[in-house]
Amino acid sequence: DSGGPDRAAKSCLNAVTAFQQSSVKHEMDDSSIIFPCYSLMWALMKGGKMQQSTSAFEIDMGQRFVSESHAQTYHYCRALALQAETLAFAEKFHESISVINSLHMIYDPKMHTKLIFQTYDVDHCAISIAQSASWHEEIGNSDQAQEVCEHVLRDIVPLIPGKDVNCMTLVLIPVIRIAKRKGQAAELRKVFESRVAENFNKHFIGTGSRTPA
């Protein structure tokens, strides 16, 4: 259905607007009911399937999500990841890295990865942190980019479920890209084969299942 994404986007936007204007919003102990709308809108924006999407609109949505989720840690982590990506897409790399630095202060992969997977099906925090290596490179912070890559390989990659080949691919791509420029591609190829190729064969070949990876 070609109109499906547009209808989904409008429904989410209407829900977020209604929530923002609700007179009882501030009386709610748990506002997480609206978080899937932010997450879905971001997925549609990234896929170019949301007509309302502009750089300013995306940054505003990211800020709203951060504002709504600050009281709940793992939702807040997801919101910061979204905000960082919206800023990076607008080529505001210093600002996006600043948000990632805030994310680092509260995001604990051992504590939050499982919760984020259970709620959002993918750990966007892990993906955004990995992508931040490329943002550092964009502004000439090569040492920081390398530190991010080492952190991702050491502390994040081992915690991503083997079946989530898509998330693993998105986490490894920026790391591999930087490793290739440094002449370290062979070492990362082994990681990709063990974490992506082998898991794809194990979980998807012959099952009829599909993954974007």
Side-chain angles (χ1 to χ4, degrees), residues 12 31-47 58 61-62 64-66 68-89 96-136 145 147-179 188 191-200 202-204 209-213:
C12 286
S31 58
S32 62
I33 189 173
I34 201 65
F35 297 167
C37 289
Y38 286 111
S39 193
L40 178 57
M41 281 196 294
W42 177 235
L44 293 170
M45 285 187 281
K46 288 181 70 175
E58 292 170 6
M61 283 294 105
R64 287 194 196 185
F65 191 9
V66 169
E68 296 290 353
S69 63
H70 69 277
Q72 296 161 295
T73 304
Y74 73 96
H75 288 301
Y76 186 51
C77 289
R78 166 67 181 110
L80 288 172
L82 184 153
Q83 185 181 37
E85 288 189 37
T86 59
L87 291 165
F89 280 179
S96 63
I97 289 170
S98 178
V99 174
I100 288 293
N101 289 339
S102 296
L103 176 60
H104 277 301
M105 294 176 66
I106 58 173
Y107 172 67
D108 180 348
K110 291 182 180 179
M111 181 183 300
H112 298 130
T113 292
K114 186 176 181 180
L115 288 170
I116 293 170
F117 268 111
Q118 289 174 344
T119 305
Y120 295 104
D121 292 329
V122 63
D123 187 353
H124 296 89
C125 300
I127 295 170
S128 293
I129 288 171
Q131 288 177 335
S132 73
S134 298
W135 307 339
H136 277 293
E147 288 177 8
V148 171
C149 291
E150 292 172 0
H151 167 58
V152 168
L153 292 171
R154 182 184 63 247
D155 302 320
I156 293 178
V157 165
L159 297 176
I160 298 175
K163 191 172 183 179
D164 200 332
V165 178
N166 186 42
C167 181
M168 185 69 74
T169 301
L170 294 174
V171 165
L172 286 176
I173 283 175
V175 178
I176 291 171
R177 195 176 289 145
I178 290 172
L188 267 294
V191 176
F192 186 87
E193 288 176 349
S194 65
R195 295 289 181 172
V196 176
E198 291 179 12
N199 278 319
F200 180 84
K202 177 180 179 181
H203 295 289
F204 295 97
S209 300
R210 294 183 178 180
T211 169

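In this chain, numbering begins with 1 at the start of the sequence shown.
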Interatomic spacing from CD in E198 to NE2 in H203 - rounded to 0.5 Å: 10.5 Å

For S128 versus E85, what's the shortest heavy-atom pair and its separation? OG-OE2, 2.6 Å

CD1-CG distance between I173 and L188, expressed to the nearest 0.5 angstrom: 12.0 Å

Which heavy atom of I160 sits nearest a heavy atom of M168, and at what distance? CB-CE, 3.6 Å

Residues passing the side chain to side chain contact (heavy atoms under 4.5 Å, CB included) test with D121, sequence neighbours excluded, are none

Between atom NZ of K110 and atom CG of D155, what is the distance when rounded to the nearest 0.5 Å? 7.5 Å

Work out which heavy atom in V191 is nearest to a heavy atom in L172; give both atom names and the distance. CG1-CD2, 4.0 Å

Considering residues at least two apart in sequence or located in another chain, which fulfil the salt bridge (Lys or Arg N to Asp or Glu O under 4.0 Å) criterion with E193? R189

Contacts of S96 that satisfy side chain to side chain donor-acceptor pair (under 3.5 Å) - sequence neighbours left out: none

Q83 side, atom CD; S102 side, atom OG - distance, nearest 0.5 Å: 8.5 Å

Listed partners of I97 passing side chain to side chain contact (heavy atoms under 4.5 Å, CB included), at least two apart: N101, W135, H136, I139

In short, L153 meets P158 closest at the heavy-atom pair O-CD, 3.5 Å

If you look at every heavy atom in P109 and I156, which pair is closest and at what distance? CG-CG1, 4.0 Å

I'd like to check V165 versus T169 (side-chain heavy atoms, cut-off strictly below 4.5 Å). Are they in contact? yes

Measuring from atom NZ of K163 to atom CZ of F117, what distance do you get when rounded to the nearest 0.5 angstrom? 12.5 Å

Within this structure, what is the CG-CD1 distance for the pair L80 and I106, rounded to the nearest 0.5 Å? 5.0 Å

Please step through side-chain contact (heavy atoms from CB on, under 4.5 Å) for the pair T113 and I116, ending with a clear verdict. CA-CA 5 Å; T113 292; I116 293 170; 5.9 Å; no

Looking only at heavy atoms, which two atoms of A130 and V171 are closest? And how far apart? CB-O, 3.3 Å

Could you check whether any side-chain heavy atom of N199 comes within less than 4.5 Å of a side-chain heavy atom of F204, counting everything from C-beta outward? no

Just to verify, what does E147 make a side chain to side chain contact (heavy atoms under 4.5 Å, CB included) with, not counting sequence neighbours? none

Determine, step by step, whether I129 and Y107 satisfy the side-chain contact (heavy atoms from CB on, under 4.5 Å) criterion, reporting the C-alpha distance in whole Å, the side-chain angles of both residues, the deciding distance to 0.1 Å, and the verdict. CA-CA 10 Å; I129 288 171; Y107 172 67; 3.5 Å; yes

Does the side chain of L115 come within less than 4.5 Å of Q118's, by heavy atoms? yes

Residues which pass side chain to side chain contact (heavy atoms under 4.5 Å, CB included) with S134, listed by chain and number, not counting sequence neighbours: P174, R177

Close side-chain approach of L170 to V122, heavy-atom, < 4.5 Å: no

